[in-house]
Amino acid sequence: MVSRVIPVDPFDLVIFGATGDLARRKILPGLFHRFAVGQMPEHARIVGAARSDLDRAAFRDLVGGSLLEFAPQASGQKGLVNRFLEKLDYVRVDVTGTKGWPELAELMRPDVIRAFYLSVSPTLFGAIADNLNEHGIATPDSRIVVEKPFGHDLASAKALNADLLNGFAEHQIYRIDHYLGKETVQNLMALRFANSLWEPLWNSTHVDHVQITVAESLGVEGRGGYYDRSGAMRDMVQNHLMQLLCLTAMEPPSRLHPNAVRDEKVKVIEALEPVEPADIVRGQYRGKGAADGYRDHAGDPDSRTESFVAIKVNIGNWRWAGTPFYLRTGKKLRARTSEIVVMFRDPPHMMFPKTEGLRGNALIIRLQPDEGITLRTTIKEPGPGGLRLAEVTLDMTFADALGPHAEAQDAYERLIMDVIRGDQTLFMRGDEVEAAWAWADQIIANWEDARQHPAPYDAGSSGPEDALMLMHRDGRRWREIEA
Ligand code: NAD
């Protein structure tokens, strides 16, 4: 199946922090890919804005090098790369100072969409928003895109929202959670709301529990200092896992309108019940060799920051009362994998002889690797000799079923094109972020009061034993973490 490419309208996209890691690894390669497939119109332009002392030619050289390194489609495509580089301009600007802004204002064209991507530290958001307005660069229709982390807690998230709302209206603000740009995450909405098959089963009468796992095989080497001030709850649960939970649990929106979808997500967060301490497991990885554990990487032998967390969450509403959601994420686990598992209840009566090892119906929505959907069903074991049961999976890996287009588009490029189109559906609204922080803050405050140390777990394992127990004591088990 070949996906249709619909070009967006002409735009000026200014990337603040255009010489940084995120811009070079994700944003610019993503834009190049959109250009290569014909989604970027003739008159699109990308303006790099950063502190580095570069001119336009040096910036184009820098981006050319990044494309060769991070955009597989760029190799052997010199002509295409050069045509893309011609769209780039550069302005040197220290966003906390006054220099550079008039030059940027001068560059902006009338009558095209204006978007400002803030690929810089959140401490600079306020200064950028102010300067864009003071120098007349922002228009009432301009879009402003901001990156994670969106705050460290509720108070800091509110302060960031206030900084942005000082110069921009909520309908202009695009808070990125790149998980929402993943093909499977959007497919979750299509799967739930474009099929009549699932919705009647999507409730506590038929769903026993839901598991959401985001497992990483890497540790925090190289960014341990930053991570140690954050931890798995702030870095992953409050944002990415919360978004997955919301999309899985929300009521059908009345229409595919950004606010209709986001209203439903906020209702889920507001329905989350307080989490008991016994329903939380925190862990910290132990190294295989000397100086290879979390505390070594964090540079703090006494660190109490979690590199793993598992939480049992109850949603107090009509649809989900009695069906827990188990969330789990961590570093240095057995494999890098992200998935949502919807475990259905057993049939009310089993007429077949008991068969060991049957795990029941499950719908597994895989975000990585190999985005796709698997449905685990029970069938008769093939062959003569009586009727015995076995499990098979109906598997759909998008890349196999739909062709290479299905996975070729990175989350970032999809989201940037949504910004240009003015579609906020896949971006977090201010009140949504604040509601998620209010929930996370309460949990973090409880464990900080208790001054608990996270449970150790071996690098390359599935996390601490206690996390297994979190499920076992409810008569349930996690799906294995495997590549
Ligand atoms: P980085 O340190 O590699 O780059 C920072 C960029 O900001 C550079 O271009 C630098 O010139 C520019 N900059 C810094 N201070 C400036 C100033 N006063 N005026 C103008 N430009 C200034 O950082 P990064 O890794 O690219 O991350 C950027 C943001 O994106 C951060 O908030 C980070 O948390 C977030 N983020 C990064 C990643 C990633 O994979 N790197 C992933 C998710 C979110």
Side-chain angles (χ1 to χ4, degrees), residues 13-31 46-55 58-63 65-66 69-71 88-104 116-132 134-135 137 144-152 156-157 159-160 163-164 173-182 214 216 218 220-232 234-236 238-240 243 329 331 336 368 410-416 419 427-428 433:
L13 170 66
V14 181
I15 307 175
F16 289 96
T19 58
D21 176 69
L22 181 69
R24 293 194 316 106
R25 264 188 327 109
K26 290 287 182 186
I27 303 171
L28 288 155
L31 285 163
I46 299 157
V47 181
R51 251 186 333 194
S52 315
D53 188 7
L54 302 176
D55 59 14
F59 180 60
R60 288 180 178 176
D61 283 349
L62 179 85
V63 176
S66 305
E69 203 177 341
F70 301 114
L88 304 188
D89 218 322
Y90 185 80
V91 181
R92 185 182 179 195
V93 52
D94 180 337
V95 301
T96 56
T98 50
K99 286 198 185 127
W101 294 106
E103 289 82 349
L104 182 59
F116 306 102
Y117 198 129
L118 277 44
S119 181
V120 292
S121 158
T123 54
L124 301 175
F125 291 177
I128 297 177
D130 288 349
N131 275 305
L132 287 174
E134 267 171 36
H135 291 87
I137 302 170
I144 190 158
V145 186
V146 296
E147 265 296 334
K148 115 178 203 185
F150 200 86
H152 183 74
S156 53
L160 282 180
D163 280 350
L164 293 171
I173 305 172
Y174 292 72
R175 296 174 192 79
I176 285 213
D177 183 326
H178 71 273
Y179 265 61
L180 291 180
K182 289 181 180 287
V214 177
E216 294 174 275
L218 295 178
V220 299
E221 305 90 332
R223 58 178 206 119
Y226 159 78
Y227 187 89
D228 203 48
R229 290 189 293 280
S230 162
R234 290 190 167 99
D235 193 47
M236 298 298 292
Q238 180 274 341
N239 40 48
H240 305 318
Q243 290 297 322
T329 183
K331 305 267 181 206
R336 176 170 179 259
Q368 67 190 22
D410 182 76
Y412 273 98
E413 50 192 280
R414 180 193 311 271
L415 292 173
I416 298 171
V419 171
F427 297 83
M428 296 177 295
V433 178

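Each ligand, and each atom within it, is numbered from 1 in the order the structure gives.
Protein residues with any heavy atom under 4.0 Å from ligand 1: Gly17, Ala18, Thr19, Gly20, Asp21, Leu22, Arg25, Ala50, Arg51, Val93, Asp94, Val95, Ser119, Val120, Ser121, Pro122, Leu124, Glu147, Lys148, Pro149.
Residues passing the side chain to side chain contact (heavy atoms under 4.5 Å, CB included) test with Pro102, sequence neighbours excluded: His135. By the side chain to side chain contact (heavy atoms under 4.5 Å, CB included) test, Arg51 pairs with Asp94, sequence neighbours left out.
Screening residues 14-23 for salt bridge (charged side-chain N to carboxylate O under 4.0 Å, His left out) gives Asp21-Arg25 as the qualifying pairs, with residues at least two apart or on separate chains.
Nearest heavy-atom pair across Met236 and Tyr179 is CE-OH, 4.0 Å.
Between Phe116 and Phe16, the ring planes are tilted. Angles from 30° to 60° get that label.
Evaluated for a side-chain contact (heavy atoms from CB on, under 4.5 Å) with Ile15, the options Val47, Leu118, Leu28 yield exactly one hit, Leu28.
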